[in-house]
Participant: 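Would you mind keeping the following structure in view while I ask a few things?
Residue numbers count from 1 along this sequence.
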Amino acid sequence: MLPIAFAPTYAHPLPAGHRFPMLKYELLPEQLLHEGTATSGDFFVPTPPPVADVLLVHAADYYERLRLGQLTRLEERTTGFPWSAALFEREITILGGTIEAARLALQHGVAFNIAGGTHHAFRARGEGFCLLNDQAAAAMWLLTHMPAVRKILIVDLDVHQGNGTAAIFQHEPRVFTFSMHGARNYPARKEASDLDLPLPDGTDDAHYLQLLGETLPRLLDEVQPDFVFYLAGVDVLATDKLGHLGLTRAGCRQRDEMVLSLCHRHRLPVVVCMGGGYSERILDIVEAHANTFRAPPHFINEQGQTIAGARLRRVADWFRVCDAGANI
């Protein structure tokens, strides 16, 4: 089983011309099912968690104002999303999905959330398309409810620094935050993760993978985590409108395979959340995200090829149809 959190509410309607690619939350599950990387039995519909679990990382006043739609106009603009009750339901459901994925990862080794990775949400504010910090909440849920989990490593490979996550865990020694991101990218004011690796614009596959390959094994040995959260943003692609790095889809796939293989080798349960992706073509975003789901070690055959990758050759027509779309 490959547990995957997904709810139809993830694909929330936005005003025409909005730059956030909500369509990917409709297309990604369809692609995973179509190619056979996932089956319908792998998906589960998450539910909002108890409020007490949200308040492990968020201020009660902020949570209530968000729930009731009482954010100021400036606060709302800073999140990047127009508030609605349906938007709040989406955000709290995504957070619940990451908590449920954490519980399932303890059983199955790896679990996914089709959305999540809302690392710009602080304890008492949201920004950058992030209203509630799902990985932070799930990390504290594990530390609170699962005595066997005493140390957590958050591997944030979104192109933007995980500033909200870093701030939330600034004084929490049980959570080690690692962010590898564009040095000159959003946010302008970075917070201090336990380890930050800022990258110059245009960083390519070779440099990126070398640096990650030198850093992550050392962190696993030094931190000795019991659990890993992986934020697998695909805004590191050269095609990304907001990213400014130079990775190819193949390099991004190698990144995912490296992270998940290392976790597998260390027998570490891991939850993977999708994070950002803003390429011009929705096809580039969906394909890069789909590669993340194809990366778990049990999808690798004896020849070192991903099993799902072999399936893709049989669904090339589907991609040609996508390419013909007006907004694809």
Participant: Is the shortest heavy-atom distance from the side chain of Tyr25 to the side chain of Thr9 under 4.5 Å?
Facilitator: no
Participant: May I ask you to say whether Arg73 pairs ionically with Glu76, meaning some side-chain N is under 4.0 Å from a carboxylate O?
Facilitator: no
Participant: Could you tell me which residues satisfy salt bridge (charged side-chain N to carboxylate O under 4.0 Å, His left out) with Arg189, sequence neighbours excluded, listed by chain and number?
Facilitator: Glu191
Participant: Run Phe169 and Asp194 through side-chain contact (heavy atoms from CB on, under 4.5 Å) and show every step you take.
Facilitator: CA-CA 9 Å; Phe169 291 125; Asp194 290 301; 5.7 Å; no
Participant: Does a side chain donor of either Ser279 or Asp284 reach within less than 3.5 Å of an acceptor in the other side chain?
Facilitator: no
Participant: How about Phe81 and Phe88: are their ring centres within less than 6.0 Å of each other?
Facilitator: no
Participant: In the single-linkage hydrophobic clustering (I, L, V, M, F, W, Y; side-chain heavy atoms under 4.5 Å), do Leu231 and Val236 co-cluster?
Facilitator: no
Participant: Val223, Leu143: one ILVMFWY side-chain cluster at the under-4.5 Å cut-off?
Facilitator: yes
Participant: Hydrogens and angles aside, do Asp201 and His244 bring a side-chain donor and acceptor to less than 3.5 Å of each other?
Facilitator: no
Participant: Linking I/L/V/M/F/W/Y whenever their side-chain heavy atoms sit closer than 4.5 Å, directly or via other members, would Phe122 and Leu66 fall into one cluster?
Facilitator: no
Participant: Run the salt-bridge test on Glu287 and Arg294 with the 4.0 Å N-O cut-off and return the result as yes or no.
Facilitator: yes
Participant: Can any side-chain N or O of Lys241 pair as donor or acceptor with the backbone N or O of Asp235 at less than 3.5 Å?
Facilitator: no
Participant: I need the Asp256 CG to Leu157 CG distance, nearest 0.5 Å.
Facilitator: 8.5 Å
Participant: Any heavy-atom pair between the side chains of Asp42 and Phe112 that's under 4.5 Å?
Facilitator: no
Participant: Quick one, Phe229 and Thr165 - any side-chain contact, counting heavy atoms below 4.5 Å?
Facilitator: no
Participant: Go through the side-chain N and O atoms of Glu127 and Asn163 and say whether any donor and acceptor fall under 3.5 Å apart.
Facilitator: yes
Participant: Do Leu195 and Thr215 have side chains that approach each other closer than 4.5 Å (heavy atoms only, starting at C-beta)?
Facilitator: yes
Participant: Quick check against the 3.5 Å criterion: does His58 have a side-chain atom that pairs as donor or acceptor with the backbone of Asn133?
Facilitator: yes
Participant: Ignoring hydrogens and geometry beyond distance, is a side-chain donor-acceptor pair present between Asp196 and Gln161 at under 3.5 Å?
Facilitator: yes
Participant: Holding to salt bridge (charged side-chain N to carboxylate O under 4.0 Å, His left out), I want the full list of residues that pass it with Glu172, two or more places apart in sequence or in another chain.
Facilitator: Arg174
Participant: Within a strict 4.5 Å, meaning less than it, do heavy atoms of the Thr118 and Leu131 side chains meet?
Facilitator: no
Participant: Per the salt bridge (charged side-chain N to carboxylate O under 4.0 Å, His left out) rule, what does the pair list look like for residues 84-100, sequence neighbours excluded?
Facilitator: none
Participant: Less than 4.0 angstrom from a charged side-chain N to a carboxylate O is my criterion; do Arg218 and Glu222 meet it?
Facilitator: yes
Participant: Any chance you could measure Asp240, atom CG, to Glu280, atom CD, to the nearest 0.5 Å?
Facilitator: 10.0 Å
Participant: Is there a side-chain contact between Trp141 and Val149, using heavy atoms and a 4.5 Å cut-off?
Facilitator: no
